[in-house]
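For the numbers below, each heavy atom of this structure counts, side chains included, while hydrogens, waters and symmetry mates do not. Atoms within each ligand, like the ligands themselves, are counted from 1 in listed order.
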Amino acid sequence: MDLLIYSFLILICNFDLATTQEEFSGPFCGLSGNYTQNTDYRHNLDDVLYTLINTNNGFGFYNSTSGQANAAALCRGDIQPENCRRCVDDATRRIRQQCPVQIEAVGWYETCFIRYSNRSMGSINDLVVFYAWNARNVSDSSIVQWNKGVADLLSALLPEAAGGGQFRKYSSLNITPPGFWTIYGMMQCTPELSEMECSDCLYGAVSLVQPLNRSLGAKLFRPSCFLQYENYSFYDSMWFPPPIPSSPSPTSSGK
Ligand SMILES: *[C@@H]1O[C@H](CO)[C@@H](O)[C@H](O)[C@H]1NC(C)=O
Ligand SMILES: *[C@@H]1O[C@H](CO)[C@@H](O)[C@H](O)[C@H]1NC(C)=O
Ligand SMILES: *[C@@H]1O[C@H](CO)[C@@H](O)[C@H](O)[C@H]1NC(C)=O
Ligand SMILES: *[C@@H]1O[C@H](CO)[C@@H](O)[C@H](O)[C@H]1NC(C)=O
Ligand SMILES: *[C@@H]1O[C@H](CO)[C@@H](O)[C@H](O)[C@H]1NC(C)=O
Ligand SMILES: *[C@@H]1O[C@H](CO)[C@@H](O)[C@H](O)[C@H]1NC(C)=O
């Protein structure tokens, strides 16, 4: 029964020009209920949220575990380190304010998200999905071409993100169908997922945005992966993180 309840509680909203970078989507404060004050869980959660900011893997992924409490945060792959840190710091504060006593929670900014739970992170993907779409529609005469463009874009992005390796699973790309405007897209998974888990997460996301095929843009966030496409450039295509370290151990930078 738990499984049924957890599967895809869907939060939706549509956006137009009103959506700002600063909007905190969700937060979704979980269905596992509340913890009682002065329990181990509360102390563990305080611990992980306090230490989280110092666990950057060097590519904008943060994770921390203490007892039963697990927390993770991820910045979009094009976000520079200072802005990433600021976003995660802010998200940590926001989620604590808005989900003060809940066992698990997840919330998304446009450029980073945060989640925590007492469950293993592998099962957290079923928790919730948040999606939003541009309320403006593609005209009837363009819809076939638009959908083909979006489908081509998403199918190019998916394997590139999933195959990104153990530190960073991010892809961004734009395509311009002949005689049409350019479509910009981005996909990302938390890097602790395997290539297969990342693909599954993104396939799920793609199937969920398919019904939004008249919209000029859509974004979909899950607790371990997300995607977005728009008819304008929304990511930084000029900035790249430092090269992947050659040693297999993640660098932990306190910055
Ligand atoms: C959890 O706490 C919130 C905020 O105090 C309250 O609104 C909610 O009813 C509580 N839920 C449960 C299951 O006790
Ligand atoms: C954080 O994630 C990495 C995989 O990216 C994993 O090896 C490590 O054990 C995790 N650390 C914690 C504290 O959960
Ligand atoms: C998480 O907390 C809920 C509520 O207390 C409990 O039912 C569940 O078994 C816990 N899950 C884990 C993995 O500890
Ligand atoms: C866009 O298309 C959807 C689905 O056909 C429709 O419900 C909606 O009203 C349209 N929006 C606008 C702004 O025309
Ligand atoms: C758009 O999505 C709807 C619902 O999934 C589907 O019935 C329709 O065929 C799609 N339209 C195009 C042009 O792909
Ligand atoms: C996006 O689509 C709108 C509506 O059709 C159009 O007015 C606008 O010029 C497009 N934006 C770009 C950057 O092509």
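Here the heavy atom of the protein found nearest to atom 5 (O) of ligand 1 is V101 CG2, 4.2 Å.
Counting atoms of ligand 3 from 1 in the listed order, those under 4.0 Å from a heavy atom of N118 are 1 (C), 2 (O), 3 (C), 8 (C), 10 (C), 11 (N), 12 (C), 13 (C), 14 (O). Less than 4.0 angstrom separates some heavy atom of I103 from each of these atoms of ligand 3: 2 (O), 4 (C), 5 (O). Contact atoms of ligand 3 toward Q68: 14 (O) (distance under 4.0 Å to a heavy atom of the residue).
Residues T51 and S64 have side chains that bring a donor and an acceptor to within less than 3.5 angstrom of each other.
Between C87 and C112, the SG-SG separation falls below 2.5 Å.
Put simply, the residue from E110, K219, Q188 that forms a side-chain hydrogen bond (donor to acceptor under 3.5 Å, both in side chains) with Q228 is E110.
Distance screen at 4.0 Å: atom 11 (N) of ligand 1 has a protein heavy-atom neighbour inside the cut-off.
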- Message: Set out, in order, the CA-CA distance, both residues' side-chain angles and the distance that settles side-chain hydrogen bond (donor to acceptor under 3.5 Å, both in side chains) for Y41 and N118, then state yes or no.
- Response: CA-CA 8 Å; Y41 188 73; N118 67 340; 5.1 Å; no

- Message: With side-chain hydrogen bond (donor to acceptor under 3.5 Å, both in side chains) as the criterion, how do R76 and S172 come out once you've worked through the C-alpha distance, each side chain's angles and the decisive distance to 0.1 Å?
- Response: CA-CA 10 Å; R76 207 172 69 196; S172 64; over 6 Å; no

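Considering backbone and side-chain atoms alike, N34 places an N or O below 3.5 Å from some N or O of ligand 1.
Summarising the contacts of atom 13 (C) of ligand 2 with N57, T65, T55, V48, the nearest heavy atom is found in T65.
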